[in-house]
Amino acid sequence: QVQLVESGGGLVQAGGSLRLSCTASGRTFSSYSSGWFRQNAGKERRFVAAISSTGVTTYYADSVKGRFTISRENAKNTVYLQMSSLKPEDTAVYYCAAARRRGVLTTPDDYDYWGQGTQVTVSS
């Protein structure tokens with residue numbers, strides 16, 4: 001069992017930056033693929049970024065490519081999402097996820113564990 005806890009969300013002006021962190025329990029986190037998704041009220045959860053278990057491979061949604069960076073420190077059981085040049089349309093609840101499957105995974109059904117979410121609000 002893996003438990004995920006996100007942190008780092010908040011209110012930021014357009015053009016600003018935030019770094020989200022996702023810390024996992026369990027000693028085998030380094031074997032899990034990870035990803036970030038976001039969701040607005042009444043809408044489906046959407047893919048943002050994914051990273052392989054080793055951190056070598058990453059993949060991004062087109063809407064965040066060039067602005068967001070996903071990374072991980074397996075020694076700290078932590079995955080990060082560095083968000084820059086934020087736009088009001090980036091406003092959402094951001095969720096961290098972990099999967100037993102290998103690779104970079106882009107759909108919610110690929111993932112086995114989820115955090116509770118952290119709110120990111122970008123003001124114009």
Side-chain angles (χ1 to χ4, degrees):
Q1 189 79 330
V2 174
Q3 292 185 325
L4 304 174
V5 178
E6 299 102 333
S7 61
L11 174 64
V12 64
Q13 288 189 331
S17 299
L18 280 175
R19 188 177 81 158
L20 305 183
S21 299
C22 172
T23 301
S25 63
R27 291 174 288 180
T28 61
F29 182 66
S30 59
S31 66
Y32 287 80
S33 304
S34 297
W36 288 93
F37 290 75
R38 62 188 181 187
Q39 187 172 24
N40 296 102
K43 295 191 176 181
E44 292 185 351
R45 196 165 293 188
R46 295 166 293 157
F47 169 74
V48 175
I51 190 166
S52 61
S53 58
T54 60
V56 170
T57 305
T58 58
Y59 188 75
Y60 298 90
D62 287 343
S63 58
V64 306
K65 201 172 295 182
R67 300 188 298 122
F68 291 11
T69 301
I70 188 171
S71 61
R72 65 191 299 160
E73 285 189 78
N74 283 340
K76 295 184 178 180
N77 279 4
T78 302
V79 175
Y80 304 99
L81 186 67
Q82 177 68 48
M83 305 185 294
S84 303
S85 302
L86 282 161
K87 305 175 182 180
E89 52 264 43
D90 294 317
T91 295
V93 177
Y94 282 71
Y95 294 90
C96 173
R100 290 186 291 266
R101 282 181 57 191
R102 298 299 180 98
V104 284
L105 309 171
T106 62
T107 62
D109 287 346
D110 290 329
Y111 288 87
D112 303 295
Y113 304 101
W114 292 87
Q116 82 288 351
T118 185
Q119 176 70 48
V120 172
T121 303
V122 184
S123 63
S124 57

Distance-only donor-acceptor pairs under 3.5 Å for side chains of residues 115-124, two or more places apart:
residue : atom : partner : partner atom : Å
Gln116  : NE2  : Glu6    : O            : 3.4
Gln116  : NE2  : Glu6    : OE1          : 3.4
Thr118  : OG1  : Gly9    : N            : 3.3
Gln119  : NE2  : Ala92   : O            : 3.4
Gln119  : NE2  : Thr121  : OG1          : 3.3

- Message: Are Leu18 and Val64 linked, directly or through intermediate hydrophobic residues, by side-chain heavy-atom contacts shorter than 4.5 Å (ILVMFWY only)?
- Response: yes
- Note on the structure: Between Thr78 and Phe29 the two heavy atoms that sit nearest each other are N-CE2, 3.9 Å
- Query: Is Trp114 reachable from Ile70 through a run of I, L, V, M, F, W or Y residues, each pair having side-chain heavy atoms under 4.5 Å apart?
  - Reply: no
- Message: Can a donor-acceptor pair be found, under 3.5 Å and without considering hydrogens, that links the side chain of Arg67 to the backbone of Ser85?
- Response: yes
- Count the heavy atoms belonging to other residues, nucleotides or ligands that lie under 6.0 Å from CD of Gln3, then report whether that count exceeds 12. no
- Are side-chain heavy atoms of Leu20 and Tyr95 found at a separation under 4.5 Å? no
- Could you tell me whether the side chain of Ser63 reaches within less than 4.5 Å of the side chain of Arg38, counting heavy atoms only? yes
- Query: How long is the span from the OH atom in Tyr94 to the CZ atom in Arg46, to the nearest 0.5 Å?
  - Reply: 7.5 Å
- Note on the structure: Apart from Tyr80 itself, members of its ILVMFWY cluster (side-chain separation under 4.5 Å) are none
- Task: Determine, using the 4.5 Å side-chain heavy-atom cutoff (strictly less than), whether Tyr111 and Ile51 are members of one ILVMFWY cluster.
- Result: no
- Between NZ on residue Lys76 and OG on residue Ser30, distance to nearest 0.5 Å: 15.5 Å
- Are Asp90 and Lys87 close enough for a salt bridge, meaning some N to O gap below 4.0 Å? no
- Task: Identify the two heavy atoms, one from Pro108 and one from Arg45, that lie closest to each other, and give their separation to 0.1 Å.
- Result: CG-O, 4.0 Å
- Message: Closer than 3.5 angstrom, by distance alone: can the side chain of Ser33 be matched with the main-chain N or O of Gly103 as a donor-acceptor pair?
- Response: yes
- Query: Could you state the interatomic distance from CZ (Phe37) to OG1 (Thr107), rounded to the nearest 0.5 Å?
  - Reply: 6.5 Å
- Task: Please tell me if the side chains of Val79 and Trp36 come closer than 4.5 Å, counting only heavy atoms from C-beta onward.
- Result: yes
- Task: List in chain and number order the residues that pass side-chain hydrogen bond (donor to acceptor under 3.5 Å, both in side chains) with Lys43, two or more places apart in sequence or in another chain; answer none if no residue qualifies.
- Result: none
- Query: So if you build clusters from Ile, Leu, Val, Met, Phe, Trp, Tyr with side-chain heavy-atom gaps below 4.5 Å, do Leu86 and Val48 land together?
  - Reply: yes
- What is the minimum heavy-atom distance between Pro88 and Ala14, and which atoms define it? CD-CB, 4.1 Å
- Note on the structure: The complete set of disulfide bond (SG atoms under 2.5 Å apart) pairs with one or both residues in residues 56-94, sequence neighbours excluded, reads none
- Item | Heavy-atom donor-acceptor pair, Asn74 side chain to Thr54 backbone, under 3.5 Å | no
- Ser71 side, atom OG; Leu81 side, atom CG - distance, nearest 0.5 Å: 8.5 Å
- Task: Could you note down all residue pairs passing salt bridge (Lys or Arg N to Asp or Glu O under 4.0 Å) where residues 93-111 supplies at least one of them, sequence neighbours left out?
- Result: Arg100-Asp112, Arg101-Asp110
- Between Tyr60 and Lys65, the two heavy atoms sitting closest are O-CE, 3.7 Å
- Message: Tell me which pairs pass disulfide bond (SG atoms under 2.5 Å apart) where either residue lies in residues 46-124, with sequence neighbours left out.
- Response: Cys22-Cys96
- Query: Got Tyr59 and Leu105 here, is their nearest side-chain heavy-atom distance under 4.5 Å?
  - Reply: no
